Amino acid sequence: MQAKEINCQDDENQPVRRDPVAAAICNVRAELKINQASFAALIGVKQPMVAQLEKGRRKPSPSLAYRLAQISGKPLEIFVEAHYGTQIG
């Protein structure tokens, strides 16, 4: 059985690229090949929050950004830099 491909599109069916944090979050979930509900449970939020994060309507809190970095193995900066408007370090 082949895993369903994750759709990282916004409401207008355009790639979520205008917001790098939203794209990074969606890409992490796509790499894990899990649905939003499973991803939400993994990062400790509810599914609607994942949808809002992936669409760029919400930004991760510092603690959520840290969890995303831990789970993904990616640098923390990709989950917070655009949100806070400054570079870390």
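Worth knowing before you read on, the calculation uses all heavy atoms, side chains too, and leaves out hydrogens, waters and symmetry mates. This structure is a prediction, so every number in the text was calculated from the model and none was measured.
- With rounding to the nearest 0.5 angstrom, the CZ atom of Arg29 is 14.5 Å from the OG atom of Ser72.
- In terms of modelled atom types and a separation under 3.5 Å, the side chain of Ser38 and the main chain of Ile34 share no donor-acceptor contact.
- With respect to the salt-bridge test (charged N to carboxylate O, under 4.0 angstrom), the residues Lys59 and Asp19 qualify.
- Here the closest heavy-atom approach between residue Cys26 and residue Glu54 is recorded as CA-OE2, 3.7 Å.
- With sequence neighbours left out, Ala69 forms a side chain to side chain contact (heavy atoms under 4.5 Å, CB included) with Leu76, Phe79.
- With sequence neighbours excluded, the residues forming a side chain to side chain contact (heavy atoms under 4.5 Å, CB included) with Ile71 are Leu32, Leu42, Ile43, listed by chain and number.
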- Assess whether side-chain contact (heavy atoms from CB on, under 4.5 Å) is satisfied between Leu68 and Phe39, documenting all intermediate values. CA-CA 10 Å; Leu68 288 164; Phe39 188 61; 3.7 Å; yes
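- Counting all heavy atoms, side chain and backbone alike, Pro60 lies closest to Ala65 at CB-N, 4.0 Å.
- Take Ala41 and apply the side chain to side chain contact (heavy atoms under 4.5 Å, CB included) test, not counting sequence neighbours, and it matches no residue.
- Residues Pro62 and Val80 form no side-chain contact, since every pair of their non-hydrogen atoms from C-beta on lies 4.5 Å or further apart.
- For Arg58, the side-chain hydrogen bond (donor to acceptor under 3.5 Å, both in side chains) partners are Gln52, not counting sequence neighbours.
- Here Ile78 contributes atom CD1 and Asn27 contributes atom CG; the two are 8.5 Å apart, rounded to the nearest 0.5 Å.
- Within the 4.5 Å cutoff, the side chain of Leu53 has heavy atoms near those of the Leu64 side chain.
- Taking every heavy atom of both residues into account, Lys46 and Ala40 meet most closely at C-CB, 3.6 Å.
- Listed by chain and residue number, Glu31 satisfy the side-chain hydrogen bond (donor to acceptor under 3.5 Å, both in side chains) test with Lys74 (two or more places apart in sequence, or in another chain).
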